[in-house]
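First comes the structure, then the notes that go with it.
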Amino acid sequence: MSERDGHPFSKGDLVKLNVGGYYYQTTWDTLTKDDNSMLSAMFAGRVPVKVLNDGSVFIDRDGKMFAKILNFLRNGMIEQPTERRKILELQSEAEFYQLQGLMEQIQEAIIGGLEYGSPLGKKTSRIIGKQVTVIKTETERDFLLKSMTDPLVILEVSSSSFGDEKDAIIYKHLVLFDKLSSDYGDKILFVKQIVYTGKEWKFYAKGKLQHSVFFYNQYNGKHSFQEEIILDRILKLILS
């Protein structure tokens with residue numbers, strides 16, 4: 001193995017890669033598509049690369065997951081993983097390669113219900129037998145409240161909720177939300193609202209707020225998972 005300094009590749013070159021034992025071939029243009037990424041730094045000559053005897057560039061990362069990294073660079077979006085473990089593995093790779101666009105899409109997709117199969121990067125509602133809507137603005141929420149007479153549940157989740165020690169508790173809320181939307185989606189409209197701050201369940205009847213359940217205490221910084229209280233509020237909403 002040799003380490004090649006300087007600027008060994010240039011525009012239009014075909015590049016052979018060995019990523020953790022998996023071989024890929026792509027173009028210099030694809031690898032440098034995101035100027036701020038680690039791959040662009042490597043192949044534009046800003047950092048040295050390791051070139052094997054067969055001419056391939058060695059990268060000591062998850063080789064199988066790299067296929068998704070390449071697809072994102074080529075297409076601007078990827079087919080999402082369906083398992084939480086794979087989602088977090090992809091998130092780790094996106095962070096290593098410093099692909100900000102992919103990191104943002106993963107975060108949005110986690111909040112929007114990634115497990116159920118809509119492509120990353122498409123900001124659309126998804127179907128789990130019943131429709132679940134994802135909204136991002138107060139205007140969208142106000143429109144729903146004015147136009148809805150049916151019961152409505154909104155789960156507010158911050159786009160910066162993931163990647164720390166609170167992740168497991170927040171994920172429990174997302175799983176519960178998806179389960180409730182599947183079980184009661186024929187009686188209640190379930191909506192996820194991506195907000196800057198605040199983590200809260202809101203329960204509406206005839207456009208008016210009936211109950212709120214916070215799962216983040218801004219005073220002590222602690223998260224909680226109050227499943228019984230949330231289920232009680234759902235039943236009260238159905239009976240209202």
Side-chain angles (χ1 to χ4, degrees), residues 80 84 87 103-118 120-240:
Q80 66 178 37
R84 175 169 166 74
I87 295 165
M103 288 188 280
E104 291 174 358
Q105 289 184 16
I106 292 169
Q107 207 167 58
E108 287 182 8
I110 290 173
I111 295 171
L114 184 60
E115 306 88 83
Y116 291 92
S118 58
L120 278 175
K122 286 191 173 180
K123 301 179 180 67
T124 57
S125 303
R126 61 180 175 79
I127 303 295
I128 324 173
K130 292 88 181 177
Q131 184 167 337
V132 174
T133 303
V134 179
I135 60 176
K136 289 189 172 184
T137 66
E138 296 297 312
T139 301
E140 291 175 301
R141 186 202 62 188
D142 292 344
F143 175 79
L144 274 175
L145 294 177
K146 288 177 182 178
S147 60
M148 287 289 300
T149 56
D150 293 337
L152 170 67
V153 172
I154 295 179
L155 176 63
E156 292 185 351
V157 187
S158 168
S159 60
S160 59
S161 295
F162 295 87
D164 55 27
E165 69 278 1
K166 301 180 288 293
D167 179 80
I169 294 176
I170 296 167
Y171 185 69
K172 285 183 179 179
H173 283 275
L174 294 173
V175 170
L176 177 61
F177 181 90
D178 286 338
K179 183 179 186 304
L180 292 174
S181 66
S182 180
D183 291 346
Y184 301 107
D186 55 342
K187 300 179 180 67
I188 300 172
L189 176 65
F190 288 83
V191 174
K192 288 178 183 174
Q193 182 176 1
I194 301 174
V195 294
Y196 181 70
T197 59
K199 303 170 182 72
E200 178 182 2
W201 292 73
K202 291 183 176 180
F203 304 83
Y204 294 87
K206 298 180 180 178
K208 296 187 180 298
L209 181 65
Q210 304 297 309
H211 310 281
S212 291
V213 176
F214 290 90
F215 56 97
Y216 173 68
N217 188 320
Q218 61 181 341
Y219 298 105
N220 61 24
K222 293 183 178 180
H223 287 68
S224 60
F225 182 60
Q226 303 172 322
E227 183 174 1
E228 290 184 3
I229 295 176
I230 293 168
L231 292 174
D232 177 71
R233 300 296 186 265
I234 289 287
L235 293 177
K236 285 181 178 178
L237 201 59
I238 292 173
L239 296 173
S240 63

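From a predicted model like this one, the values you see are computed outputs, not experimental measurements. Just so it is clear, the values below take in all heavy atoms, side chains as well, and ignore hydrogens, waters and symmetry mates.
Salt bridge status for Lys199 with Glu156: absent, with no side-chain N to carboxylate O gap under 4.0 Å.
Note: Trp201 and His173 have tilted aromatic rings, judged against thresholds of 30 and 60 degrees for the angle between ring planes.
In this structure Ile238 satisfies the side chain to side chain contact (heavy atoms under 4.5 Å, CB included) test together with Tyr184, Lys187, Ile188, Ile234, sequence neighbours excluded. Taking the side-chain hydrogen bond (donor to acceptor under 3.5 Å, both in side chains) definition, one finds that Lys236 meets it with Asp232, sequence neighbours left out. Listed by chain and number, the residues in a side-chain hydrogen bond (donor to acceptor under 3.5 Å, both in side chains) with Arg141 are Glu138 (sequence neighbours excluded).
Using a distance-only test at 3.5 Å, with no hydrogens or angles considered, a donor-acceptor pair links the side chain of Ser181 to the main chain of Phe177.
Atom CG in Leu237 sits 8.0 Å away from atom CG in Leu152 (nearest 0.5 Å). Separation of atoms CG (Asp186) and CG (Leu189) is listed at 12.0 Å; rounding is to 0.5 Å. For the atom pair Arg233 CZ and Phe203 CZ, the distance stands at 7.5 Å (nearest 0.5 Å).
The shortest heavy-atom contact between Leu209 and His211 is CD1-O, 3.3 Å. When every heavy atom of Ile154 is checked against every heavy atom of Tyr204, the shortest pair comes out as CD1-CE1, 3.8 Å. The shortest non-hydrogen separation linking Ser224 to Phe214 is OG-O, 4.1 Å. Between Ser212 and Lys202, the shortest heavy-atom contact is OG-CG, 4.1 Å.
The side-chain heavy atoms of Asp178 and Phe190, taken from C-beta on, include no pair separated by under 4.5 Å. Leu176 has its side chain within reach of Glu227: a pair of non-hydrogen atoms, C-beta onward, lies under 4.5 Å apart.
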